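Every value quoted in this text rests on a predicted model; they were computed, and no experiment measured them.
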Amino acid sequence: MQSDRFYNAAWTEDVRKVIDHLHTQYHQAPLFVVGLSLGATVLVNYLGEEGFNTAIAGAAVICSPWDLLICDRFINRRLVQKFYNRALTIGLIDYAKRHQTVMSRLADWEGIVKSRTVRDFDHSSTCVLAGLETADTYYRKATCTSYIGNVTVPLLCISALDDPVCTREAIPWDECRANKNVVLATTHHGGHLGYFEGMTAKSLWWVRAVDEFLCALNSSSLIHSKKRKITTVHSPLESSIDQAPYVNVGEDGLVSAFSNEQSGEVGSQQNEQPVEDDKAGDSGVVNGTMQLGANATIQLDPAPEPVFDAMMAPVKRRLNQLSRRSKISIWVLAYVAILTTWPFLGSALPMLFKKKLRNIFSLKR
């Protein structure tokens, strides 16, 4: 059934209804959610809004824009980003045309068709449908960084530092470090929802990483327990922002923990400071109590034994579907990038060859 309400990054009601429905139908099964790109922002916003009331046992977000205002500036900054901007805008216009009968009545249809950038589309469509004044107002409202501190379930965040759409400038390093439930994994390469493995790109690395993360959560007794009580005491002499780990992913796909506690060097990349997990001593489970550092404890019920394979089969099936869809979308973007850059390359190559030939002939003389 369709309605006059269209999605945006600040609208979490759709995912909330789906999760509540699944929890009602399968209340004994742990629910895991994976968000990609703008969907990752929606998921973090939802987790922050729900807090301890969410029915989700664990989640993962891949290539989130994090701060939409920063990403909007970034995607209009350089030539390569402008190509991606144009490709995304074409996709949004096609999406709008599929719902032209509704959108032409509710939004600025002429502005939608004439949109040249994502910002133009958001101004003519998203802001009008959501009742927001400007595109910047929408971007500030939809930014999820302020909600990270309210996330109360295990959350894996994967971002590529070479993402051509979601810049590393928007990654909320300090907010993720301050929340013990959040694991931030950054990779040097991967692009936007790329992470292709092998020459034929038959698989995606992030799918395997998320699968391992969710399998580890499902085998843990903590997610099968109910959180009863949480007490927090803030110490003026100690900040929890220096206690939570980052993780760094190497070229071989191995994940290692990093933190500020044992720092051999100081650099701009705060996630490149190693520490051994066993020495942290900040968290653990003792007699049904989950210790979250020196500042908080959570009382837990005894955990039942999970039926591992049966519970994880739907999750793996869905991850495989996401892998196939992401691979198709990335190749479409690559095709658009090649088509848009070819005129520039075609005009530049003859100039380069002429210069080379001129140098060769001058040397012979």
Item checked: Any donor-acceptor pair under 3.5 Å from Asp163 side chain to Ser159 backbone -> no

Check: Are side-chain heavy atoms of Arg86 and Ile90 found at a separation under 4.5 Å?
Finding: yes

Note to self: Would you say Leu69 ends up clustered with Trp11 if hydrophobic residues are merged whenever their side chains have heavy atoms under 4.5 Å apart, either directly or through other cluster members?
What the structure shows: no

Next item on the list: State whether the side chain of Asp162 and the backbone N or O of Gly191 hold a donor-acceptor pair below 3.5 Å, judged by distance alone.
Entry: yes

Note to self: Atom CD of residue position Glu110 - does it have more than 12 heavy atoms of other residues, nucleotides or ligands inside 6.0 Å?
What the structure shows: no

Check: Under a 4.5 Å cut-off applied to non-hydrogen side-chain atoms, are Glu197 and Arg208 in contact?
Finding: yes

Checklist line | Aromatic ring proximity Phe6/His99, centre distance under 6.0 Å | finding: yes

Notebook entry, point to check: Are the side chains of Ile171 and Leu161 in touch, meaning some heavy atoms are under 4.5 Å apart?
Noted result: yes

Note to self: Keeping Asn179 on the side-chain end and Ile148 on the backbone end, is there a donor-acceptor pair under 3.5 Å?
What the structure shows: yes

Checklist line | Worked check of side-chain contact (heavy atoms from CB on, under 4.5 Å) between Ile62 and Leu193 | finding: CA-CA 7 Å; Ile62 316 299; Leu193 298 177; 3.9 Å; yes

Notebook entry, point to check: Where do Val183 and Leu155 land on the side-chain contact (heavy atoms from CB on, under 4.5 Å) test, with the steps shown first?
Noted result: CA-CA 6 Å; Val183 177; Leu155 174 65; over 6 Å; no

Next item on the list: Determine the minimum heavy-atom distance between Phe213 and Ala59, stating which atoms define it.
Entry: CE2-O, 3.5 Å

Note to self: For Gln81, give me all partners under side chain to side chain donor-acceptor pair (under 3.5 Å), at least two apart in sequence or on another chain.
What the structure shows: none

Note to self: For a 4.5 angstrom cut-off between non-hydrogen side-chain atoms, does Arg119 reach Ile75?
What the structure shows: no

Next item on the list: Look at the side chain of Thr137 and the backbone N and O of Glu133, then say whether any donor-acceptor pair between them is shorter than 3.5 Å.
Entry: no

Margin query: If you compare all heavy atoms of Leu43 against all heavy atoms of Val34, which two are closest, and at what distance to 0.1 Å?
Written below: CD2-C, 4.1 Å

Item checked: From CE (Met103) to OG (Ser124), nearest 0.5 Å -> 9.5 Å

Next item on the list: Please test Arg177 against Asp174 for salt bridge (Lys or Arg N to Asp or Glu O under 4.0 Å), starting from the C-alpha separation and ending with a verdict.
Entry: CA-CA 5 Å; Arg177 187 194 294 121; Asp174 290 341; 2.9 Å; yes

Next item on the list: Could you state whether Tyr138 and Phe74 fall into the same hydrophobic cluster, counting links through intermediate Ile, Leu, Val, Met, Phe, Trp or Tyr residues with side-chain heavy atoms under 4.5 angstrom apart?
Entry: no

Note to self: Closer than 3.5 angstrom, by distance alone: can the side chain of Ser115 be matched with the main-chain N or O of Gly111 as a donor-acceptor pair?
What the structure shows: yes

Check: What pair of heavy atoms forms the shortest contact from Val42 to Thr12, and how long is it?
Finding: O-CG2, 3.8 Å

Notebook entry, point to check: Between Thr54 and Glu50, is there a donor-acceptor pair closer than 3.5 Å when you use the side chain of the first and the backbone of the second?
Noted result: no

Notebook entry, point to check: Do the non-hydrogen side-chain atoms of Thr126 and Phe121 ever get within less than 4.5 Å of each other?
Noted result: yes

Note to self: In the structure I gave you, are the side-chain heavy atoms of Arg78 and Phe83 within less than 4.5 Å of one another anywhere?
What the structure shows: no

Note to self: Tell me if a side-chain donor or acceptor on Thr143 pairs with a main-chain N or O of Leu68 at a distance below 3.5 Å.
What the structure shows: yes

Margin query: Could you see if Leu36 belongs to whatever hydrophobic cluster contains Phe32? Use Ile, Leu, Val, Met, Phe, Trp, Tyr and a side-chain cutoff under 4.5 Å.
Written below: yes

Notebook entry, point to check: Is the shortest heavy-atom distance from the side chain of Asp94 to the side chain of Leu92 under 4.5 Å?
Noted result: no

Next item on the list: May I ask you to say whether Asp136 pairs ionically with Lys141, meaning some side-chain N is under 4.0 Å from a carboxylate O?
Entry: no

Margin query: If only side-chain N and O atoms count, and only distance matters, is there a donor-acceptor pair under 3.5 Å linking Ser64 with Thr41?
Written below: yes

Next item on the list: With side-chain contact (heavy atoms from CB on, under 4.5 Å) as the test, would you mind laying out the steps for Leu214 and Val210 before giving the verdict?
Entry: CA-CA 6 Å; Leu214 298 182; Val210 170; 3.9 Å; yes

Notebook entry, point to check: Hey, quick one: are Val153 and Val33 part of the same hydrophobic cluster, counting side-chain heavy atoms closer than 4.5 Å, chains of contacts allowed?
Noted result: yes

Margin query: For Cys71, is there any backbone N or O sitting under 3.5 Å from a side-chain donor or acceptor partner on Thr167?
Written below: no

Margin query: Are Thr187 and Trp205 packed together at the side-chain level, in the sense that at least one heavy-atom pair is separated by less than 4.5 angstrom?
Written below: yes

Next item on the list: For the pair Asn181 (side chain) and Val151 (backbone), establish whether a donor and an acceptor sit closer than 3.5 Å, ignoring hydrogens and angles.
Entry: yes

Note to self: If I compare all heavy atoms of His23 with all of Ala55, which pair ends up nearest, and what's the gap?
What the structure shows: CG-CB, 3.5 Å

Note to self: What verdict does the side-chain hydrogen bond (donor to acceptor under 3.5 Å, both in side chains) test give for His123 and Thr134, after you've listed the backbone C-alpha separation in whole Å, the side-chain angles of each residue and the deciding distance to 0.1 Å?
What the structure shows: CA-CA 6 Å; His123 175 76; Thr134 66; over 6 Å; no

Checklist line | Non-hydrogen atoms of Asn150 and Gly48 that approach each other most closely | finding: CB-O, 3.3 Å

Notebook entry, point to check: How far does CG of Asn76 sit from OG1 of Thr117, to the nearest 0.5 angstrom?
Noted result: 5.5 Å

Note to self: Distance check, rounded to the nearest 0.5 Å: Cys144 atom SG versus Trp66 atom CH2?
What the structure shows: 5.5 Å

Next item on the list: Verify, without hydrogens or angle tests, whether Asp120 (side chain) and Arg116 (backbone) share a donor-acceptor contact under 3.5 angstrom.
Entry: yes

Next item on the list: May I ask you to say whether Arg16 pairs ionically with Glu49, meaning some side-chain N is under 4.0 Å from a carboxylate O?
Entry: yes

Notebook entry, point to check: Roughly how far, to the nearest 0.5 Å, is the CG atom of Asp67 from the OG atom of Ser146?
Noted result: 9.5 Å

Item checked: Nearest-0.5 Å distance, OH of residue Tyr95 to CD of residue Gln100 -> 14.0 Å

Check: Are Tyr147 and Tyr139 linked, directly or through other ILVMFWY residues, by side chains that come within less than 4.5 angstrom of each other?
Finding: no

Margin query: To the nearest 0.5 Å, what is the distance between CG on Asn8 and OG on Ser125?
Written below: 9.5 Å

Next item on the list: Considering non-hydrogen atoms only, spot the tightest contact between Trp109 and Ser104 and give its length.
Entry: CB-CA, 3.8 Å

